[in-house]
Amino acid sequence: MLTDILTKDVVRLDVEGLTTPEEVIHFSGQLLVNSGKVKETYIEKMEEAFHDLGPYMVMAPGIAMPHARPSGDVSEPCISFIRLKEPVSFHHPFNDPVRLVFALGGVENDSHLALLQELGRFLEDDNVRERLLTITSYGELEKLI
């Protein structure tokens, strides 16, 4: 599933100039908007979720997964990936700062959870997380997946 969803148009490496969680969420969400998979309003919902629930989206050391509840704003299950050149603090007590960001969009609860689970399985490998910090191209990401 990841190879079908994590396409070149939704991946950016060494993104510069983002200094707040809101900027990170917006940038990663905008990739999904530009790909036609979510509406602009979904970005707002991800930002609202961060403000309402706090840094829950920082799921592991250095890794954030911005998302919002499934809604009509998402046309198909999707993920974007950005690697930040400079880490950003999301104010998580244990997992800050963040360099790897996977924004997720689900159409319904089941697909949303399936995306989170598959991405979680991919990221549970220490070697994968280390490689994500050093890959230099989308092709390397594709091979890693």
Side-chain angles (χ1 to χ4, degrees), residues 1-38 42-43 45-71 73-145:
M1 184 194 289
L2 281 182
T3 52
D4 298 330
I5 291 178
L6 205 50
T7 54
K8 190 174 186 173
D9 61 325
V10 293
V11 173
R12 297 292 181 279
L13 301 176
D14 298 326
V15 174
E16 296 182 89
L18 305 179
T19 59
T20 67
E22 293 84 358
E23 290 173 342
V24 171
I25 293 166
H26 190 87
F27 187 95
S28 60
Q30 192 62 51
L31 291 174
L32 298 175
V33 170
N34 294 348
S35 72
K37 296 176 178 139
V38 305
Y42 187 69
I43 296 173
K45 289 180 180 175
M46 289 193 297
E47 291 169 342
E48 286 173 19
F50 174 72
H51 287 288
D52 292 345
L53 304 172
Y56 77 97
M57 60 185 56
V58 184
M59 306 274 203
I63 301 173
M65 296 182 196
H67 59 282
R69 292 197 179 282
S71 66
D73 300 325
V74 179
S75 61
E76 63 185 271
C78 52
I79 301 174
S80 68
F81 168 59
I82 65 171
R83 181 177 68 205
L84 300 168
K85 184 140 181 123
E86 297 296 326
V88 171
S89 174
F90 277 64
H91 312 291
H92 192 281
F94 312 109
N95 294 331
D96 268 340
V98 168
R99 281 208 55 218
L100 305 174
V101 181
F102 295 86
L104 295 96
V107 179
E108 67 235 357
N109 280 331
D110 290 345
S111 68
H112 191 69
L113 292 175
L115 274 177
L116 278 170
Q117 289 171 340
E118 183 162 352
L119 189 55
R121 281 191 297 275
F122 174 65
L123 294 172
E124 71 187 5
D125 184 327
D126 292 339
N127 293 326
V128 166
R129 290 191 310 276
E130 287 300 316
R131 287 285 297 130
L132 287 171
L133 292 169
T134 61
I135 59 173
T136 59
S137 69
Y138 175 76
E140 289 180 42
L141 175 63
E142 217 173 11
K143 288 178 187 170
L144 188 60
I145 294 172

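Because the structure is a prediction, the values reported are computed rather than measured.
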Exercise. Between Ser89 and Asp96, does a side chain to side chain donor-acceptor pair (under 3.5 Å) hold up when you go through it step by step?
Worked result: CA-CA 6 Å; Ser89 174; Asp96 268 340; 2.9 Å; yes

Of the non-hydrogen atoms in [X] and [Y], which two are nearest, and what is the gap between them?
X: Ala49; Y: Tyr56; answer: CB-OH, 3.5 Å
X: Glu124; Y: Arg121; answer: CG-O, 3.1 Å
X: Leu2; Y: Glu118; answer: N-OE2, 3.2 Å
X: Val74; Y: Gly105; answer: CG1-C, 3.8 Å
X: Leu13; Y: Thr136; answer: CD1-C, 3.7 Å
X: Gly29; Y: Met46; answer: CA-CE, 3.6 Å

Within-4.5 Å side-chain heavy-atom neighbours: [X] and [Y]:
X: Ile43; Y: Gln30; result: yes
X: Val38; Y: Asp73; result: no
X: Phe27; Y: Val24; result: no
X: Val33; Y: Tyr42; result: no
X: Asn95; Y: Ile63; result: no
X: Ile82; Y: Leu18; result: yes
X: Met65; Y: Leu123; result: yes
X: Val98; Y: Met57; result: no

Exercise. With sequence neighbours left out, what residues match Asp126 under side chain to side chain donor-acceptor pair (under 3.5 Å)?
Worked result: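 With neighbours one apart ignored, the set is Arg129.
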
How long is the straight-line distance from [atom2] of [Y] back to [atom1] of [X], given to the nearest 0.5 Å?
X: Leu104; Y: Leu32; atom1: CG; atom2: CG; answer: 8.5 Å
X: Leu6; Y: Ile145; atom1: CG; atom2: CD1; answer: 4.5 Å
X: Phe90; Y: Glu22; atom1: CZ; atom2: CD; answer: 8.5 Å
X: Leu53; Y: Glu48; atom1: CG; atom2: CD; answer: 10.5 Å
X: Ile79; Y: Phe122; atom1: CD1; atom2: CZ; answer: 9.5 Å
X: Arg131; Y: Lys143; atom1: CZ; atom2: NZ; answer: 9.5 Å

Problem set entry | With sequence neighbours excluded, residues passing ring pair (Phe, Tyr, Trp, His ring centres under 6.0 Å) with Phe81 | Phe102

Problem set entry | side chain to side chain donor-acceptor pair (under 3.5 Å) between Glu23 and Thr19, intermediate numbers included | CA-CA 7 Å; Glu23 290 173 342; Thr19 59; 3.1 Å; yes

Problem set entry | Over 12 foreign heavy atoms within 6.0 Å of CD, Glu140 |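 Atom CD in Glu140 is packed in, count exceeds 12.
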
Problem set entry | Main-chain N/O of Ile25 paired to Glu47 side chain as donor or acceptor, under 3.5 Å |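 Not confirmed, Glu47 side chain does not pair with Ile25 backbone.
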
Problem set entry | side-chain contact (heavy atoms from CB on, under 4.5 Å) assessment of Lys37 paired with Thr7 | CA-CA 12 Å; Lys37 296 176 178 139; Thr7 54; 3.9 Å; yes

Exercise. How would you list all residue pairs meeting side chain to side chain donor-acceptor pair (under 3.5 Å) that involve residues 75-84, not counting sequence neighbours?
Worked result: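 Listed by first then second residue: Asp14-Arg83.
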
